[in-house]
Amino acid sequence: MPELPEVETLRLDLCRTLIGRRILHADLTKPRMLVDPYGLGLLSVEGRTIERLRRRAKMLVFDLSGGLSMVVHLKLAGQLSHRKGDHVLAKGGHPVPPFDAPLPHKSTHGRFDLDDGSVLWLTDIRQFGRVTVVPTDLVDDLMAEKKLGVEPFGPEFTVDYLAQRLRRHKALALKTFLLDQSGIVGLGNIYADEALFEAKLHPLRPAGSLTAGEIARLHRSVVDVLRYAIENGVADLPYARVRPGADYPRAHGRADMPCLTCGTTIERIKVGARSTDFCPSCQPAPARPPRTG
DNA sequence: AACTACTCCTGGAGGC
DNA sequence: TGCCTCCAGGAGTAGT
């Protein structure tokens with residue numbers, strides 16, 4: 001569930017409290033959650049100071065002293081909480097367990113003890129999250145291997161770039177296109193639906209069927225939806241449903257509820273095995289549905 | 001090369 | 001209450 005806005009707001013929060021802290025002890029109780037292509041081991045982060053906290057796509061990069069970095073991907077259900085005793089200093093990611101729940105939770109699988117007595121907890125009810133230790137000068141290589149696309153807030157994400165990618169994958173459903181991290185990074189299931197709702201484009205529209213105006217609209221919607229989430233609060237959907245009475249998110253999690261724009265009942269369909277919510281009135285169906293993979 | 005299906009994992013929800 | 005089944009979703013990988 002943590003998508004770009006969740007990871008970015010978490011990064012900003014942790015930057016306030018973690019920079020300059022030294023890691024005394026590190027522990028991951030689920031060995032599968034450590035990916036260690038360089039054979040450095042998790043303990044190699046001990047004794048190092050957190051100097052910088054970056055984000056690339058949906059990943060957090062902790063740059064430590066001595067040229068070592070730790071990359072954290074929260075995947076579907078990862079959560080980080082920086083606490084001193086019971087006091088929450090900073091937190092973010094998947095909202096289950098609740099951010100004010102006592103830690104460690106039974107799904108807490110990682111802990112980093114810091115030099116001021118605070119602890120950075122990694123909790124993940126799905127255990128899909130991953131931690132990688134990598135020399136700082138090889139972080140870019142590691143990212144390059146993943147064939148990540150452009151950052152939506154970066155200078156490379158232009159209307160022309162989007163148009164070019166859409167042409168290249170012209171048969172793909174828009175929803176599938178937006179989830180593909182090799183084009184634009186950062187969108188997940190929630191914000192892909194939000195961007196399509198905002199752009200008034202049906203999730204099954206073939207990527208190659210968009211007019212120039214629609215491409216420009218989609219481009220702006222992607223940026224606006226992500227920026228809105230960062231500035232006004234992330235989606236925070238615990239079980240893929242909006243909280244009763246909430247007016248956000250505007251499409252995802254609202255199946256069977258009235259569209260906030262026109263009142264039409266929001267529909268839920270599967271697009272490439274991902275639940276996809278949209279307004280059949282605001283987002284008119286394509287004449288001929290594409291493949292959905 | 002481009003696309004699709006499958007896999008990892010477990011807690012919560014809903015049915016009976 | 002308790003058992004059972006289904007569902008959620010990022011991304012790596014294997015197969016078409």
Side-chain angles (χ1 to χ4, degrees), chain A residues 1-8 10 28-37 55-60 71-80 92-98 101 104-110 122-132 142-149 152 164-194 203-204 206-208 226 234-244 249 251-256 268-277 289-293:
Chain A
M1 178 166 299
E3 305 178 29
L4 185 150
E6 285 77 15
V7 178
E8 181 63 14
L10 171 59
L28 266 182
T29 56
K30 297 288 177 186
R32 77 168 75 89
M33 292 180 70
L34 179 70
V35 177
D36 194 13
R55 179 190 59 75
R56 170 69 172 123
K58 300 169 188 169
M59 285 169 281
L60 282 172
V71 179
V72 175
H73 198 315
L74 298 175
K75 293 288 182 80
L76 307 182
Q79 174 192 111
L80 285 174
H94 191 62
V96 177
H105 181 267
K106 64 179 174 180
S107 296
T108 298
H109 302 304
L122 172 59
T123 303
D124 188 340
I125 61 174
R126 299 283 179 279
Q127 300 177 23
F128 286 163
R130 294 292 180 263
V131 175
T132 302
L142 184 72
M143 297 298 173
E145 284 170 22
K146 298 178 186 294
K147 306 216 180 309
L148 296 170
Q164 177 194 333
R165 290 288 305 187
L166 286 164
R167 272 198 305 274
R168 182 167 153 188
H169 301 277
K170 61 185 178 190
L172 272 189
L174 281 182
K175 175 65 181 283
T176 306
F177 173 86
L178 290 178
L179 290 177
D180 178 3
Q181 303 294 300
S182 73
I184 312 155
V185 301
L187 289 165
N189 208 33
I190 295 173
Y191 295 107
D193 281 5
E194 294 299 289
L204 292 181
L226 295 174
V234 296
D236 223 29
L237 292 183
Y239 298 108
R241 304 287 294 192
V242 296
R243 294 190 166 84
H252 193 84
R254 305 193 86 85
D256 301 326
R268 168 162 289 201
I269 58 174
K270 289 282 185 189
V271 182
R274 291 287 178 260
S275 359
T276 300
D277 299 338
R291 293 194 297 271
T292 57

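So you know, we letter chains A, B, ... as the sequences are listed, proteins then strands, and number each from 1. Only heavy atoms go into these numbers, but all of them, side chains included; no hydrogens, no water, no symmetry mates.
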Looking only at the side chain of [X] (C-beta and beyond, no hydrogens), which of the listed nucleotides [options] gets closest?
X	options	result
A:Ile125	B:dG11, B:dC3, C:dG10	B:dG11
A:Ser107	C:dA11, B:dG11, C:dA8	B:dG11
A:Lys146	C:dA8, C:dG12, C:dA11	C:dG12
A:Val96	B:dG12, C:dA8, C:dA11	B:dG12
A:Leu76	B:dG11, C:dG12, C:dG9	C:dG9
A:Arg274	C:dG9, B:dG11, B:dT4	C:dG9
A:Phe128	B:dA2, C:dA11, B:dC9	B:dC9
A:Gln127	C:dA8, B:dC9, B:dG11	B:dC9

Is there a donor-acceptor contact under 3.5 Å from the side chain of [X] to the main chain of [Y]?
X	Y	result
A:His169	A:Arg167	no
A:Arg55	A:Ala57	yes
A:Glu8	A:Lys58	no
A:Glu3	A:Leu187	no
A:Asp193	A:Asp277	yes

Any side-chain N or O of [X] below 4.0 angstrom from OP1/OP2 of [N]?
X	N	value
A:His94	C:dG10	no
A:Lys75	C:dG9	no
A:His73	C:dG10	no
A:His169	B:dC3	yes
A:Lys270	C:dA8	yes
A:Ser275	C:dC7	no
A:Arg126	C:dA8	no
A:Arg130	B:dC9	no

[X] has an atom [atom1]; how far is it from atom [atom2] of [N], in whole Å?
X	N	atom1	atom2	answer
A:Arg167	B:dA2	CZ	P	15 Å
A:Leu74	B:dC9	CG	P	18 Å
A:Ile184	C:dA11	CD1	P	14 Å
A:Lys147	B:dA1	NZ	P	10 Å
A:Lys58	C:dG12	NZ	P	10 Å
A:Gln79	C:dG9	CD	C1'	16 Å
A:Leu148	C:dG10	CG	P	15 Å
A:Arg56	C:dA11	CZ	P	11 Å

task: Describe the nucleic acid contact of A:Lys106 in one word from base, sugar-phosphate, nothing, applying a heavy-atom distance below 4.0 Å.
output: sugar-phosphate
query: Which residue, A:Asp124 or A:Lys170, contacts DNA chain B at a nucleotide closer to its 5' end, judged by nearest heavy atom?
result: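 It is A:Lys170 whose nearest nucleotide is closer to the 5' end.
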- prompt: Atom CG in A:Asn189, atom NE2 in A:His252: separation rounded to 0.5 Å?
  reply: 5.0 Å
